[in-house]
Amino acid sequence: MKHSYLFLADGFEEIEALATVDVLRRAGMAVETVSISGVRSVTGANGVTVQSDSLIGDIVLDSETEWLICPGGMPGATNLAACRKLCDMLVSHFKAGGKIAAICASPAVVLAPLGILDGRAATCYPGMESAAPGHSFTGAPVEALDTLITGNGPANTLPFAYAIVANSKGCEISSQIASAMLYS
């Protein structure tokens, strides 16, 4: 069964992380939260502390790994970008044709410096564009490509998560989940 990982660092944006995991699990997707800090307890940008499902040192990417997902938040995105193991995983997964999703500050702060956005349409949190001077962001709420989905911030977390579901499970399943959640 395909499985995905959503990475957590201290200072992550809680809505972007937890709502994304919620939507993917509602769709029947296997997704684990992964702490990059070596301890399972991770505190978000707004003081919400969560226990991750696993630690970054415990996961191995394989042919069944579908998505690597980076929520935003500050300093969460900066902490993700500073994690060499995560950056290596993102680049390796991307080069192998794997799927990557990032929202808020993470497209600019985490993905752009790794070359993952080169030549591809992407969006990020307004004002974070300066973190990736070589990339032109679209400003759209969500950009959904074949193996890359980016979102611009907390208010667009649900459309971001529904885009991931649509990519993996189809538009019909994504629409059913959105409808069941009373999203219009």
Side-chain angles (χ1 to χ4, degrees), residues 4-25 29 31-37 41-53 56 66-91 93-94 98-118 120-145 147-165 167 183:
S4 300
Y5 300 108
L6 184 139
F7 297 92
L8 299 174
D10 283 332
F12 72 94
E13 174 53 57
E14 294 93 339
I15 290 173
E16 295 166 355
L18 301 178
T20 299
V21 168
D22 179 279
V23 168
L24 271 57
R25 288 182 179 172
M29 295 174 64
V31 59
E32 288 182 42
T33 56
V34 180
S35 170
I36 67 159
S37 67
S41 181
V42 187
T43 301
N46 298 295
V48 177
T49 301
V50 299
Q51 297 296 314
S52 68
D53 298 315
I56 195 165
E66 186 171 21
W67 289 96
L68 301 184
I69 305 167
C70 296
M74 291 302 273
T78 302
N79 291 335
L80 291 175
C83 179
R84 180 59 20 214
K85 184 167 179 65
L86 172 59
C87 290
D88 290 346
M89 286 179 166
L90 289 165
V91 169
H93 191 63
F94 173 72
K99 299 175 182 181
I100 295 176
I103 189 168
C104 196
S106 284
V109 174
V110 180
L111 301 186
L114 299 175
I116 292 171
L117 303 183
D118 292 354
R120 305 180 94 195
T123 192
C124 71
Y125 191 82
M128 294 307 299
E129 299 89 350
S130 61
H135 191 77
S136 178
F137 292 94
T138 67
V142 175
E143 287 288 351
L145 306 176
T147 59
L148 175 70
I149 296 177
T150 54
N152 71 353
N156 288 303
T157 299
L158 291 177
F160 170 77
Y162 297 143
I164 295 170
V165 172
N167 182 291
Y183 183 83

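Every value quoted in this text rests on a predicted model; they were computed, and no experiment measured them.
- Among residues two or more places apart in sequence or in another chain, the side chain to side chain donor-acceptor pair (under 3.5 Å) test is passed with S52 by none.
- Residues meeting the side chain to side chain donor-acceptor pair (under 3.5 Å) test with S4, sequence neighbours left out: none.
- In this structure, T157 OG1 and N152 CG are separated by 9.0 Å, a value rounded to the nearest 0.5 Å.
- Residue pairs meeting the side chain to side chain donor-acceptor pair (under 3.5 Å) criterion with at least one member in residues 99-108, sequence neighbours excluded, are E66-K99, K99-N167.
- The CZ atom of F160 sits 5.0 Å away from atom CD1 of I103, with the distance rounded to the nearest 0.5 Å.
- Minimum interatomic distance between A77 and V110 (heavy atoms only, all atoms of both residues): O-CG2, 3.4 Å.
- Here the CG atom belonging to D53 is positioned 8.5 Å from the CG atom belonging to L8, to the nearest 0.5 angstrom.
- Taking R120 as the reference, D146, T147 meet the side chain to side chain donor-acceptor pair (under 3.5 Å) condition, with sequence neighbours excluded.
- For the side chain to side chain donor-acceptor pair (under 3.5 Å) condition, the pairs that include at least one residue of residues 76-87, sequence neighbours left out, are R84-D88.
- In this structure a side-chain-to-backbone donor-acceptor pair under 3.5 Å is missing from T33 to L6.
- Under the side chain to side chain donor-acceptor pair (under 3.5 Å) criterion, Y5 pairs with H3, sequence neighbours left out.
- Residue pairs that meet the side chain to side chain donor-acceptor pair (under 3.5 Å) test with at least one member in residues 122-142, sequence neighbours left out, are T138-E143.
- Under the side-chain contact (heavy atoms from CB on, under 4.5 Å) criterion, A108 pairs with C124, M128, A131, A132, F137, sequence neighbours left out.
- Atom CG of L86 sits about 5.0 Å away from atom CD1 of I56, to the nearest 0.5 Å.
- D10 is linked by a salt bridge (charged side-chain N to carboxylate O under 4.0 Å, His left out) to nothing, counting only residues two or more places apart in sequence or in another chain.
- When every heavy atom of P107 is checked against every heavy atom of L117, the shortest pair comes out as O-CD1, 3.2 Å.
- If you take CD1 on I36 and CZ on F7, they are separated by 9.5 Å, rounding to the nearest 0.5 Å.
- Each of L114, I116, L148, L68 was compared with F94 under the side chain to side chain contact (heavy atoms under 4.5 Å, CB included) criterion, and only I116 meets it.
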- Kindly determine whether I149 and W67 satisfy side-chain contact (heavy atoms from CB on, under 4.5 Å), including the steps that lead there. CA-CA 10 Å; I149 296 177; W67 289 96; 3.5 Å; yes
Let me check something: any side-chain donor-acceptor pairs from residues 12-21 under 3.5 Å, sequence neighbours excluded? List them with distances.
residue	atom	partner	partner atom	Å
E13	OE2	I15	N	3.4
E14	OE1	N46	N	3.3
E14	OE1	N46	ND2	2.9
E14	OE2	A45	N	3.4
E14	OE2	N46	N	2.8
E14	OE2	G47	N	3.3
E14	OE2	V48	N	3.2
E16	OE1	G72	N	2.8
T20	OG1	E16	O	2.6

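- Distance check, rounded to the nearest 0.5 Å: OG1 of T150 to CG of L111 gives 8.5 Å.
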